[in-house]
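Following: one structure in structure tokens, then a few remarks.
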Amino acid sequence: QAQSNALNAWSYFEAKSTKQAIAENSLELLKLQHLPQSEEAIKNFKENISRYEKEKTAIKTQAEGYQKQYDAINLFDDQFDMTDALLTISIAMLGIASLTQKKWLLYFAGAVSVTGIILGITAFMKISLHSDFISTFFILFYSLFSFCFITKKWIQIYRTQITLMVMVNNDLISEKV
């Protein structure tokens, strides 16, 4: 809502700027014509130009206020996104820890969970703990860990398949003999 209000206010500001520019151009044209009956029109254009300038100042202040409101909301939105990501990663890591029975992975997943919970609580309390380092570190670590784990499992599956194929092949050879 704040972003929409800011965009609407800036659009209104631009509309007033366009009206002001048209009035300024019309004023210049009237001045160049030097007609005696154009004095009243010149006075009206000057009044409109000053009115547009005042209105633009008020609209600009309002638009900047909406923009600040949006920026403040967006900061905590990013922090909630990071909380969501950390808790999702920790759940996946806890699942992997239960499969592999690795205690160090269990403790690390717990640390990731606690970090996510702390970020979420502080976001609700409007305390900014947004850190690009935290997000970059956990994304890189999780990607590397997932790649290593998946690669290791695929190698184990491949070895098992080769072993089974060799055993079946040996059984077939022994039956023929």
Side-chain angles (χ1 to χ4, degrees), residues 1-96 107-150:
Q1 182 68 29
Q3 185 179 20
S4 175
N5 288 340
L7 290 173
N8 289 341
W10 284 117
S11 296
Y12 191 50
F13 177 83
E14 289 300 321
K16 289 293 180 180
S17 296
T18 302
K19 287 180 179 181
Q20 182 181 357
I22 291 170
E24 288 171 349
N25 287 336
S26 299
L27 177 65
E28 289 300 318
L29 288 173
L30 283 174
K31 285 181 180 179
L32 289 174
Q33 291 177 355
H34 300 292
L35 297 174
Q37 64 268 27
S38 63
E39 289 300 319
E40 183 67 28
I42 290 174
K43 181 182 170 191
N44 287 338
F45 279 122
K46 285 182 180 180
E47 289 173 2
N48 284 339
I49 290 170
S50 67
R51 181 174 54 92
Y52 291 144
E53 194 61 42
K54 289 176 188 173
E55 290 174 354
K56 280 176 35 181
T57 304
I59 295 167
K60 181 179 179 183
T61 303
Q62 185 182 27
E64 288 171 346
Y66 286 136
Q67 189 63 43
K68 286 179 185 176
Q69 181 184 8
Y70 172 73
D71 291 341
I73 292 170
N74 194 35
L75 173 70
F76 294 109
D77 179 54
D78 291 344
Q79 196 165 334
F80 281 121
D81 289 344
M82 191 180 306
T83 298
D84 184 32
L86 288 175
L87 292 177
T88 303
I89 289 169
S90 68
I91 290 169
M93 290 174 69
L94 287 168
I96 294 170
Y107 297 135
F108 186 76
V112 173
S113 296
V114 168
T115 305
I117 291 168
I118 289 171
L119 280 172
I121 290 171
T122 57
F124 275 117
M125 296 171 61
K126 302 272 189 223
I127 300 171
S128 177
L129 289 180
H130 186 264
S131 172
D132 291 333
F133 172 75
I134 292 173
S135 60
T136 304
F137 172 75
F138 280 114
I139 289 170
L140 289 175
F141 179 81
Y142 181 70
S143 299
L144 179 64
F145 177 79
S146 297
F147 176 75
C148 292
F149 178 76
I150 291 170

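Throughout, numbering of the chain's residues begins at 1 and tracks the sequence. When reading the values below, keep in mind they use all heavy atoms of this one structure, side chains included, and skip hydrogens, waters and symmetry mates. Not measured: the values here are computed from a predicted model.
With respect to Arg51 and Glu47, no salt bridge is recorded, no charged nitrogen being found less than 4.0 Å from a carboxylate O.
Although no hydrogens or angles enter the test, the distance criterion places a donor-acceptor pair under 3.5 Å between the side chain of Gln79 and the main chain of Ile127.
The two atoms that bring Leu119 and Leu86 nearest to each other are CD1-CD1, 3.5 Å, heavy atoms only. For the residue pair Val112 and Ser90, the shortest heavy atom distance occurs at CG1-CB, 3.8 Å. Shown here for Ala41 and Leu30, the closest heavy-atom pair between the two residues is CB-CD1, 3.6 Å. For Ala6 against Ala63, the heavy-atom pair with the smallest separation is CB-O, 4.2 Å. Shortest non-hydrogen contact noted between Phe45 and Ser26 is CZ-CB, 3.5 Å.
Within 6.0 Å of atom NZ in Lys60, 12 or fewer heavy atoms from other residues, nucleotides or ligands are found, so the atom counts as exposed in its surroundings. The local environment of CZ in Phe80 is crowded, with over 12 non-hydrogen atoms from other residues, nucleotides or ligands closer than 6.0 Å.
Remark: Lys31 NZ to Leu29 CG distance equals 11.5 Å, nearest 0.5 Å. Summarising the geometry, atom NZ belonging to Lys19 is positioned 13.5 Å from atom CD belonging to Glu14; distances are rounded to the nearest 0.5 Å. The structure places CG of Asn44 at 11.0 Å from CD1 of Ile49, a figure rounded to the nearest 0.5 Å. Here OH of Tyr12 is found 13.0 Å from NZ of Lys56. Values are rounded to the nearest 0.5 Å. Between the CD atom of Gln33 and the CD atom of Glu28 there is a distance of 12.0 Å, given to the nearest 0.5 Å. A distance of 12.0 Å separates OG1 in Thr57 from NZ in Lys16, rounded to the nearest 0.5 Å.
Applying side chain to side chain contact (heavy atoms under 4.5 Å, CB included) to Leu87 and the options Ile89, Asp84, Thr83 leaves one that passes, Thr83. Checking each of Leu7, Asn5, Asn8 against Tyr66 for a side chain to side chain contact (heavy atoms under 4.5 Å, CB included) leaves exactly one that passes, namely Asn5.
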